[in-house]
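As structure tokens, the structure follows; a few thoughts come after it.
Along the sequence shown, residues are numbered consecutively beginning with 1.
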Amino acid sequence: MDYFDMLIEKRIDSQTADLVDQLIELYLPMLKPCAVPLDTALEQLKKQYPLKVLPDSSIHYARTALAVIEAYYPEDASYLQHDWDMRLEGARALAQALHLRISCAEVKDIGTGHALYERQKAQYEQRTAGSGQLWHKMSIRICTEASTGYCLITGSDIVKDQMTCLRGITQEDIDHRTPALIAYLRAKYEN
């Protein structure tokens, strides 16, 4: 019994688990590997949305560097300071030394980007209906590191799902029913 089957055997029924089961049953037999490099997927997103590239000096660059170093270079991360600000500065410097290819961008609130922010506002108002809470725009950001494939998208479920579909899946994802496969199926076929 593989890990995925073991999880299914032990899982508590929920709408999410049922949805995943349905997606696998419907679409797994016809899936083909379609993985593309992160850089290629990012270029496709750049064609769809107006992006403002954030400089290496931005806090988002430093946070991305730290996340990548902690996840992929834990032995190097152990040498970073414990003080948060110094840790971020150390991660920024270490990213340069490790030749990490970090890219951070923010979707501008114009054209196709404006439609994303309007959707964000509508979703917020629906979730908080009647509470009197005011919506404050959350910047939609795309932070990546090309050599590891790290990608964090905040502020838009649409952009996150588009990136998941653009990146695709590998044969290993299909064979082993990885979390990447589940994310791909949900992004591509849910709704």
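Separation of atoms CG (Leu185) and CG (Leu26) is listed at 9.5 Å; rounding is to 0.5 Å. Rounding to the nearest 0.5 Å gives a distance of 11.5 Å between OH of Tyr184 and OH of Tyr27. Taken from CD in Glu145 to CG in Leu98, the straight-line distance is 9.0 Å, to the nearest 0.5 Å. Considering OG of Ser156 and CE of Met163, their distance stands at 11.5 Å, rounded to 0.5 Å. Rounded to the nearest 0.5 Å, atoms CG (Leu31) and CD (Gln171) are 9.5 Å apart. Rounding to the nearest 0.5 Å places CD of Glu118 at 10.0 Å from NZ of Lys137.
Using a 4.5 Å heavy-atom threshold, the side chains of Leu152 and Thr64 count as separate. Put simply, the side chain of His114 does not reach to within 4.5 Å of the side chain of Ile110, judged on heavy atoms. Annotation: side chain of Pro33 is not in contact with side chain of Ile169 (no heavy-atom distance under 4.5 Å). Counting heavy atoms from C-beta on, the side chains of Gln22 and Glu25 never come closer than 4.5 Å. For the pair Leu28 and Arg177, the minimum side-chain heavy-atom distance is below 4.5 Å. For the pair Ile142/Thr144, a side-chain contact is recorded, criterion being any heavy-atom separation below 4.5 Å from C-beta on.
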For this session: Just do the side chain to side chain donor-acceptor pair (under 3.5 Å) check on Glu43 and Thr40 with the steps written out, would you?
Result: CA-CA 5 Å; Glu43 285 303 315; Thr40 303; over 6 Å; no
Problem set entry | Candidate pair Gln123 and Asp157, rule side chain to side chain donor-acceptor pair (under 3.5 Å), full reasoning | CA-CA 11 Å; Gln123 287 175 325; Asp157 55 344; 3.3 Å; yes
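Distance alone, capped at 3.5 Å, is enough to place a donor-acceptor pair between the Thr112 side chain and the Gln48 backbone. Checking side-chain atoms of Arg101 against main-chain N and O of Thr148 turns up no donor-acceptor pair under 3.5 Å. Using modelled atom types, one side-chain atom of Asp173 and one backbone atom of Thr170 make a donor-acceptor pair closer than 3.5 Å. A donor-acceptor contact shorter than 3.5 Å is absent between the side chain of Ser58 and the backbone of Leu54.
Pairing each heavy atom of Leu38 with each of Cys151, the nearest pair is CD1-CB, 4.3 Å. Residues Ile140 and Gln120 approach most closely at CG1-NE2, 4.0 Å, considering heavy atoms. Minimum heavy-atom separation, Ala91 to Ala62: CB-O, 4.2 Å. Minimum interatomic distance between Leu80 and Gly90 (heavy atoms only, all atoms of both residues): CD2-C, 3.5 Å.
Neither Tyr124 nor Leu134 shares a network with the other; the hydrophobic side chains, linked directly or stepwise wherever heavy atoms of I, L, V, M, F, W or Y lie under 4.5 Å apart, form separate groups for each. Note: the hydrophobic cluster containing Leu45 does not contain Ile102 (ILVMFWY, side chain heavy atoms under 4.5 Å, direct or indirect links). A continuous path of ILVMFWY side-chain contacts below 4.5 Å connects Val107 to Leu42, so both sit in one hydrophobic cluster. No path of Ile, Leu, Val, Met, Phe, Trp and Tyr side chains, each step under 4.5 Å between heavy atoms, connects Met138 with Ile158, placing them in separate hydrophobic clusters. Both Ile174 and Tyr189 are assigned to one and the same hydrophobic cluster, defined by single-linkage of ILVMFWY side chains at heavy-atom distances under 4.5 Å.
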Atom pairs and distances, donor-acceptor, side-chain atoms in residues 65-76, under 3.5 Å, two or more places apart:
unit_1 : atom_1 : unit_2 : atom_2 : d
Glu70  : OE2    : Arg87  : NE     : 3.2
Glu70  : OE2    : Arg87  : NH2    : 3.0

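No more than 12 heavy atoms of other residues, nucleotides or ligands sit less than 6.0 Å from atom CD of Glu172.
Each of Glu106, Gln162, Lys108 was checked for a side chain to side chain donor-acceptor pair (under 3.5 Å) with Tyr49, and the lone residue meeting it is Gln162.
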